[in-house]
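One structure below.
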Amino acid sequence: MVTVNGQQESGAVGQTITDFLNKRDAPIDNIVVERNGDIIHRADFDHVKISENDKLELISFVGGD
């Protein structure tokens with residue numbers, strides 16, 4: 001089980017950050033991912049795997065006029 005933005009989720013353990021975001025239809029180009037208090041750089045999304053008890057914060061940026 002992992003925690004995403006304060007909510008517990010199952011099924012994410014073992015996925016890369018990229019796979020996890022794609023399954024959520026998250027805007028990869030406009031998102032910041034923090035795992036256990038550390039920012040994950042976008043270049044590492046394909047390599048970093050989600051582990052049991054990870055705490056993820058997903059922060060999206062929305063542009064506007």
Side-chain angles (χ1 to χ4, degrees):
M1 193 75 71
V2 298
T3 303
V4 181
N5 292 348
Q7 301 292 318
Q8 295 228 335
E9 283 196 28
S10 60
V13 173
Q15 294 180 11
T16 64
I17 299 294
T18 298
D19 290 339
F20 177 74
L21 293 175
N22 283 334
K23 287 183 180 182
R24 295 174 67 93
D25 292 324
I28 292 177
D29 291 336
N30 296 326
I31 201 162
V32 172
V33 178
E34 180 182 286
R35 182 179 71 157
N36 303 325
D38 295 320
I39 300 291
I40 305 297
H41 296 281
R42 192 168 289 116
D44 296 327
F45 282 6
D46 288 338
H47 309 290
V48 174
K49 289 193 175 185
I50 299 170
S51 299
E52 186 71 30
N53 299 318
D54 274 351
K55 291 183 179 157
L56 303 175
E57 292 294 327
L58 308 179
I59 303 162
S60 299
F61 294 96
V62 179
D65 295 327

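Values below: all heavy atoms of this structure, side chains included; hydrogens, waters and symmetry mates excluded. In this text the structure is predicted, and so the values were computed from the model without any measurement.
Considering every non-hydrogen atom in both Ala26 and Ile31, the closest pair reads CB-CD1, 4.0 Å. A pairwise comparison of heavy atoms in Thr3 and Gln8 identifies OG1-NE2, 4.0 Å as the closest pair. Across all non-hydrogen atoms, the minimal contact from Glu9 to Met1 is O-SD, 3.2 Å.
Partners of Asp54 by side chain to side chain donor-acceptor pair (under 3.5 Å), not counting sequence neighbours, listed by chain and number: Asn36. Residues meeting the side chain to side chain contact (heavy atoms under 4.5 Å, CB included) test with Asn5, sequence neighbours left out: Glu57, Leu58.
With contacts defined as side-chain heavy-atom distances shorter than 4.5 Å, the pair Val4/Arg24 qualifies. Side-chain contact between Val2 and Glu52 is absent, with no heavy-atom pair separated by less than 4.5 Å. When side chains are defined from C-beta on, His47 does not count as touching His41, because their heavy atoms never get closer than 4.5 Å.
Val48 and Ile39 fall into different hydrophobic clusters, defined by Ile, Leu, Val, Met, Phe, Trp and Tyr side-chain heavy atoms under 4.5 Å apart, directly or through other members. No chain of hydrophobic side-chain contacts below 4.5 Å, direct or via other Ile, Leu, Val, Met, Phe, Trp or Tyr residues, connects Val32 to Ile28.
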Considering only distance and modelled atom types, tabulate donor-acceptor pairs under 3.5 Å from the side chains of residues 10-21, sequence neighbours left out.
{"unit_1": "Gln15", "atom_1": "OE1", "unit_2": "Phe20", "atom_2": "N", "d": "3.4"}
{"unit_1": "Gln15", "atom_1": "NE2", "unit_2": "Gly11", "atom_2": "O", "d": "2.9"}
{"unit_1": "Thr16", "atom_1": "OG1", "unit_2": "Asp19", "atom_2": "N", "d": "3.1"}
{"unit_1": "Thr16", "atom_1": "OG1", "unit_2": "Asp19", "atom_2": "OD2", "d": "3.2"}
{"unit_1": "Thr18", "atom_1": "OG1", "unit_2": "Phe45", "atom_2": "O", "d": "3.3"}
{"unit_1": "Thr18", "atom_1": "OG1", "unit_2": "Asp46", "atom_2": "N", "d": "3.4"}
{"unit_1": "Thr18", "atom_1": "OG1", "unit_2": "Asp46", "atom_2": "OD1", "d": "2.6"}

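We find the CD1-CD distance between Ile59 and Glu34 to be 6.0 Å, quoted to the nearest 0.5 Å.
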